[in-house]
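Note sheet for the following structure.
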Amino acid sequence: MRNYPQLNLVLTSLTDKTKILRVKAFVDTGFNGTLCISQKLKKKLELKLIGKAKTVNTDEKQVGNQVAGVAAAFLSLEAGSTEYKVPVIIKEISLECVIGMQLLQLFARDNQAHLVFNFLQDKIQFVES
């Protein structure tokens with residue numbers, strides 16, 4: 001399995017604010033969406049489905065996936081804007097939560113920061129502009 005950089009997130013159901021989980025989210029630079037979560041995490045948060053979305057897997061096959069909404073808050077980053085209400089793709093994945101580039105770019109833009117990947121140390125850093 002690839003070694004992914006990680007960030008700590010708190011995920012909250014948009015329909016039931018009492019459903020809150022802290023997760024280690026793995027960053028996948030090849031994923032251009034916001035978040036992808038496992039079926040197991042969907043059940044724990046009791047997420048309500050809001051639709052379906054077609055995605056392209058790494059094997060280049062197009063598949064349909066369930067979509068729900070969550071509030072995602074970055075815990076391990078100090079910044080003014082750290083919580084986002086975003087759509088999440090729900091898939092059968094071995095990791096609980098995967099962060100995509102769209103969410104990282106949104107965070108960087110909102111906080112006027114540059115997104116820096118340190119692949120040697122498996123770290124992600126946001127450097128102020």
Side-chain angles (χ1 to χ4, degrees):
M1 180 167 77
R2 276 177 29 194
N3 195 17
Y4 294 94
Q6 302 175 39
L7 291 172
N8 293 317
L9 287 181
V10 171
L11 301 179
T12 306
S13 169
L14 293 179
T15 56
D16 183 350
K17 304 284 190 218
T18 66
K19 302 296 180 189
I20 303 167
L21 288 176
R22 182 179 177 155
V23 298
K24 283 191 185 289
F26 295 85
V27 176
D28 185 350
T29 57
F31 172 42
N32 64 0
T34 55
L35 286 172
C36 181
I37 64 169
S38 67
Q39 289 284 351
K40 180 180 170 183
L41 205 54
K42 174 197 170 259
K43 287 177 187 171
K44 283 182 182 178
L45 287 168
E46 297 179 13
L47 297 179
K48 304 274 190 254
L49 299 179
I50 59 173
K52 287 197 171 204
K54 288 188 179 183
T55 60
V56 179
N57 289 339
T58 54
D59 62 3
E60 305 215 3
K61 289 185 181 174
Q62 195 175 72
V63 294
N65 296 289
Q66 298 174 330
V67 177
V70 298
F74 289 92
L75 283 184
S76 51
L77 302 174
E78 293 181 21
S81 297
T82 60
E83 183 174 283
Y84 296 91
K85 291 181 174 124
V86 294
V88 295
I89 294 171
I90 301 159
K91 294 183 90 150
E92 288 294 336
I93 56 175
S94 59
L95 304 171
E96 277 193 336
C97 184
V98 177
I99 297 177
M101 292 305 295
Q102 191 177 71
L103 184 56
L104 293 175
Q105 290 167 343
L106 182 63
F107 178 89
R109 186 195 72 219
D110 286 354
N111 291 288
Q112 298 177 0
H114 296 283
L115 176 60
V116 178
F117 288 92
N118 181 339
F119 289 103
L120 294 175
Q121 296 179 353
D122 288 327
K123 287 185 181 177
I124 297 172
Q125 298 167 302
F126 290 92
V127 180
E128 289 184 19
S129 300

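Residue I99 is not grouped with residue V67 when hydrophobic side chains (ILVMFWY) are merged at heavy-atom distances under 4.5 angstrom, including chains of intermediate members. In the hydrophobic clustering of ILVMFWY residues, with side-chain heavy atoms under 4.5 Å counting as a link, V63 and I93 come out apart. Note: the hydrophobic cluster containing L11 does not contain I50 (ILVMFWY, side chain heavy atoms under 4.5 Å, direct or indirect links). Under a hydrophobic clustering in which Ile, Leu, Val, Met, Phe, Trp and Tyr are joined whenever their side-chain heavy atoms come within less than 4.5 Å, directly or via other members, V23 and L14 fall into different clusters. Under a hydrophobic clustering in which Ile, Leu, Val, Met, Phe, Trp and Tyr are joined whenever their side-chain heavy atoms come within less than 4.5 Å, directly or via other members, V86 and L7 fall into the same cluster.
At a threshold of 4.5 Å between non-hydrogen side-chain atoms, the residues K42 and V88 do not count as touching. In this structure, L49 and I90 have side chains that are in contact, with non-hydrogen atoms separated by less than 4.5 Å. The side-chain heavy atoms of L106 and T34, taken from C-beta on, include no pair separated by under 4.5 Å. Side chains of L9 and L35 form a contact here, defined as non-hydrogen atoms less than 4.5 Å apart.
Annotation: D16, atom CG; neighbour count of heavy atoms from other residues, nucleotides and ligands within 6.0 Å is above 12.
The line from CG of N32 to CE of M101 is 9.5 Å long, rounded to the nearest 0.5 Å. Note that CD of E83 and CG of L75 are 10.5 Å apart. Values are rounded to the nearest 0.5 Å. The CG atom of L21 lies 9.0 Å from the NZ atom of K19; values are rounded to the nearest 0.5 Å. Here the straight-line distance linking atom SG of C97 with atom CG of D28 works out to 11.5 Å at 0.5 Å rounding. Atoms CG and SG, on L41 and C36 in that order, are 10.0 Å from each other to the nearest 0.5 Å. Atom-to-atom distance recorded for I89:CD1 and N65:CG is 6.0 Å, nearest 0.5 angstrom.
When each of K44, K91, K24 is checked for a salt bridge (charged side-chain N to carboxylate O under 4.0 Å, His left out) with E96, only K44 meets the rule.
Across all their heavy atoms, L45 and S13 have their closest contact at O-CB, 3.7 Å. For the residue pair K48 and A68, the shortest heavy atom distance occurs at O-CB, 3.4 Å.
Using cut-offs of 30° and 60° on the angle between ring planes, the pair F107 and F74 is tilted.
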* Evaluate side chain to side chain contact (heavy atoms under 4.5 Å, CB included) for I37 paired with L47, printing each intermediate quantity in order. => CA-CA 11 Å; I37 64 169; L47 297 179; 3.5 Å; yes
